[in-house]
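A short worksheet on the structure shown next.
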Amino acid sequence: MIDVRLLRDEPERVRASQRARRADPGLVDAALAADEARRGAIGRFEALRAEQRSIGAGIPSAAADEKAALLARTKDLAVDVKAAQVELDEAEAAFDAALRAIDNVIVDGVPEGGEEDFVVLDEIGTLPDIADPRDHLAIGEALGMIDVERGVKVSGSRFYYLTGWGARLELALVNLAMAQAIETGFTPMVVPALVRPAAMEGTGFLGQAAENVYRLEADDLYLVGTAEVPLAGYHMGEVLDGAALPLRYAGLSPCFRREAGTYGKDTRGIFRVHQFDKVEMFSYTHPDDAEAEHERLLGWEKRFLSALELPFRVIDVAAGDLGASAARKFDCEAWIPSQGRYRELTSASNCTTFQSRRLDIRARGDDGRPAPVATLNGTLCAVTRTIVALLENHQQPDGSVRVPAALQPHLGVDTLRPGEDR
RNA sequence: GGAGAGGUGGCCGAGCCAGGUUGAAGGCGCUUCCCUGCUAAGGAAGUGAGGGGUACUGCCCCUCCGUGGGUUCAAAUCCCACCCUCUCCGCCA
């Protein structure tokens with residue numbers, strides 16, 4: 001949720017953010033009105049409560065004859081206090097709901113508009129010159145790396161097996177990603193993929209993204225769609241040492257996504273699946289350092305994709321296409337030869353203090369006061385999509401696939417050839 | 001799955017079955033100062049969070065002892081429900 005003080009002091013900034021997102025700026029005024037009502041209720045309750053307490057404090061020491069009169073008065077007061085309490089609770093709840101309805105305030109410079117209104121920030125690498133590119137599934141099947149047919153037989157649509165070199169490629173990618181993360185100063189983590197409602201709710205995935213989340217009804221647990229959830233939840237309810245910031249974690253987890261509303265989209269191969277593994281970077285920083293950290297996360301994503309020798313572009317996602325908790329998002333989109341277009345491979349979001357307020361994650365600053373930290377997340381390697389881009393961009397006319405130099409030490413070969421299965 | 005124990009401030013840990021200056025003893029940690037050639041040890045003081053008010057850098061008030069209800073003039077302290085954690089047994093790995 002956003003900062004109440006920002007709402008009160010600079011409502012126009014929040015309204016402008018809402019407009020840029022194509023969201024309702026009226027929510028700002030609704031929240032302001034709810035805040036006004038809440039403060040009135042607080043005043044009424046506190047006045048009554050203070051009187052009740054001051055009289056109550058004198059009762060034990062009061063003379064016997066005064067005692068009866070005091071008891072009678074506080075008895076009446078108790079009724080009023082209770083009523084004021086109810087009124088206050090309702091006002092607080094209404095204000096909280098109004099505040100939570102407002103999306104995170106975007107960072108200055110984020111392009112306005114919807115999905116199509118992104119701005120291209122960078123184009124890296126050169127597009128491969130492939131006469132008649134085959135798609136990743138054709139290549140992967142020929143190499144004995146991907147088995148979608150059996151994935152569907154066992155688990156249904158959008159499931160797959162990685163077999164032989166396919167499985168080895170995943171392990172090599174995860175190792176390369178973790179090696180880079182560790183070298184960069186991230187603490188490697190293997191995290192829970194099942195989380196309680198509080199973690200899911202706090203990270204903001206039960207809002208408009210709820211339909212894409214798997215829920216285990218019998219146990220009241222959720223399957224995470226990204227390690228962002230357990231990594232953000234890691235410090236929930238804590239007060240961190242401000243001097244220790246930034247805290248950087250690289251989490252490996254399976255990711256589960258229902259892909260509701262994507263019927264007919266990306267049905268071939270493993271580009272869009274219900275389950276995949278991913279190495280995710282997550283940073284807790286001082287709010288003033290968030291934008292710089294966002295650039296750093298993007299830099300590490302670019303470094304990883306470049307190491308894989310993939311051509312890609314970086315886009316500044318438009319406000320209307322941001323999730324509720326992101327204040328800015330950079331996507332790295334790799335070139336997919338069989339589709340002749342760029343597709344999202346990684347994504348880095350700056351959630352400023354939006355998530356940490358919901359999750360109650362604070363850090364003690366120089367003044368000794370705890371204040372919400374900023375949280376940021378960025379994909380280092382979403383395995384299946386990386387495999388897609390790798391197979392397609394590095395395919396050779398003879399049906400083999402070139403292994404980029406950085407990956408060779410982890411995979412053990414410089415080329416993947418048909419017939420060399422295992 | 002069966003049986004117990006427990007959830008208190010940044011942390012540990014009293015208080016709760018004698019309900020009323022207990023926002024909460026004590027310790028650790030932290031901050032400042034003293035001592036010291038430096039460090040350590042030692043000594044002194046201070047040190048929770050959230051919210052509201054304001055004649056607003058000082059003060060006043062309210063709330064918070066897992067969560068939500070209840071009893072009471074008054075609850076960390078009594079009652080109920082729920083959540084969570086831990087231990088033992090069984091089971092599985």
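A quick note: this is a predicted structure, and the numbers were derived from the prediction, not measured. In what follows, every chain begins at residue 1, and chains take the letters A, B, ... in the order their sequences are listed.
Atom CD1 of A:Ile102 sits about 5.5 Å away from atom CG of A:Leu99, to the nearest 0.5 Å. Separating the NE2 atom in A:His294 from the OG atom in A:Ser283 is a distance of 10.0 Å, to the nearest 0.5 Å.
Under the 3.5 Å distance criterion, the side-chain polar atoms of A:Ser17 are left unmatched by any main-chain donor or acceptor of A:Arg13. Counting only distance, with no hydrogens or angles, the side chain of A:Gln18 and the backbone of A:Asp24 share a donor-acceptor pair below 3.5 Å. In terms of modelled atom types and a separation under 3.5 Å, the side chain of A:Arg362 and the main chain of A:Gly237 share no donor-acceptor contact. In this structure a side-chain-to-backbone donor-acceptor pair under 3.5 Å is present from A:Arg358 to A:Glu201. Remark: side-chain polar atoms of A:His286 are not paired, donor with acceptor, to backbone N or O of A:Ala374 under 3.5 angstrom.
The separation of B:U77 from B:A25, taken at their C1' atoms, amounts to 15 Å, rounded to a whole angstrom. To the nearest whole angstrom, the two C1' atoms, one in B:A44 and one in B:G37, are 23 Å apart. Nucleotides B:A49 and B:A24, compared at atom C1', are 14 Å apart to the nearest Å. Here the separation of B:C78 from B:G19, taken at their P atoms, is 9 Å to the nearest Å. Between B:C11 and B:G29, the distance separating the two P atoms is 16 Å to the nearest Å. B:A76 and B:U21 are spaced 10 Å apart, taking the P atom of each and rounding to whole Å. Atom C1' of B:C30 sits at a distance of 39 Å from the matching atom of B:C88, rounded to the whole Å. One C1' atom belongs to B:C61, the other to B:A18, and the distance between them is 32 Å to the nearest Å.
Residue A:Arg196 is in sugar-phosphate contact alone, with no base atom involved, counting any heavy-atom pair closer than 4.0 Å across all strands shown. Heavy atoms of A:Arg357 sit nowhere under 4.0 angstrom from any nucleic acid atom.
Both key distances under 3.5 Å define a Watson-Crick or G-U pair, and stretches of 3 or more such consecutive pairs in RNA chain B run B:1-7 with B:83-89, B:10-12 with B:26-28, B:29-34 with B:42-47, B:48-53 with B:59-64, B:66-70 with B:78-82.
Separating the CZ atom of A:Arg8 from the C1' atom of B:G52 is a distance of 9 Å, rounded to the nearest angstrom. If you measure from atom CG of A:Asp35 to atom P of B:G51, you get 11 Å, rounded to the nearest angstrom. We find that CD of A:Glu92 is positioned 8 Å from C1' of B:G51, with the value rounded to whole Å. Whole-Å rounding puts the A:Asp360 CG to B:G48 C1' distance at 14 Å. A:Arg362 has its CZ atom 9 Å from the P atom of B:G51, to the nearest Å. The CD-P distance, from A:Glu238 to B:A49, rounds to 17 Å in whole Å.
Scanning for salt bridge (Lys or Arg N to Asp or Glu O under 4.0 Å) contacts around A:Glu295 gives an empty result, with sequence neighbours left out.
The number of heavy-atom neighbours closer than 6.0 Å to CZ of A:Arg150, taken from other residues, nucleotides and ligands shown, is 12 or below. A 6.0 Å sphere centred on CZ of A:Phe276 holds more than 12 heavy atoms belonging to other residues, nucleotides or ligands. For A:Arg73, the CZ atom sits in a loose shell: 12 or fewer heavy atoms of surrounding residues, nucleotides or ligands are nearer than 6.0 Å.
Both tests do not hold together for A:Arg257 against A:Tyr214: distance to the six-membered ring centre under 6.0 Å, angle to the ring axis within 45°.
The two residues A:Thr379 and A:Glu280 come nearest to each other via the heavy atoms CA-OE1, 3.4 Å.
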### Task
Verify salt bridge (charged side-chain N to carboxylate O under 4.0 Å, His left out) between A:Arg134 and A:Glu392, making sure each step is shown before the conclusion.
CA-CA 7 Å; A:Arg134 294 184 298 154; A:Glu392 295 209 8; over 6 Å; no

### Query
Between A:Tyr234 and A:Tyr249, does a ring-ring contact (aromatic ring centres under 6.0 Å, His included) hold up when you go through it step by step?
CA-CA 10 Å; A:Tyr234 191 64; A:Tyr249 303 109; 5.3 Å; yes

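In B:A18 the O4'-C1'-N dihedral to the base is within 90° of 0, which defines a syn nucleotide.
Across residues 36-43 of chain A, A:Arg38, A:Arg39, A:Ile42 each have a non-hydrogen atom less than 4.0 Å from an atom of RNA chain B (numbered order).
A donor-acceptor contact under 3.5 angstrom links the side chains of A:Thr226 and A:Lys278, judged on distance only.
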### Message
I need a per-nucleotide contact map over nucleotides 60-76 of chain B, read 5' to 3'. Cutoff is protein heavy atoms under 4.0 Å; write B for the base, S for backbone only, - otherwise.
### Response
-BBS-------S-BS--

Write down the protein N/O and nucleotide N/O pairs, taken from nucleotides 27-32 of chain B, whose separation is under 3.5 Å; answer none if there are no such pairs.
none

Tabulate atom names and distances for all N/O pairs under 3.5 angstrom spanning the protein and nucleotides 79-83 of chain B.
none

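Between A:Arg5 and A:Val239, the residue whose closest nucleotide on RNA chain B is further toward the 5' end is A:Val239.
Of the options A:Val86, A:Asp89, A:Val81, a side chain to side chain contact (heavy atoms under 4.5 Å, CB included) to A:Phe45 is made by A:Val81 and by none of the others.
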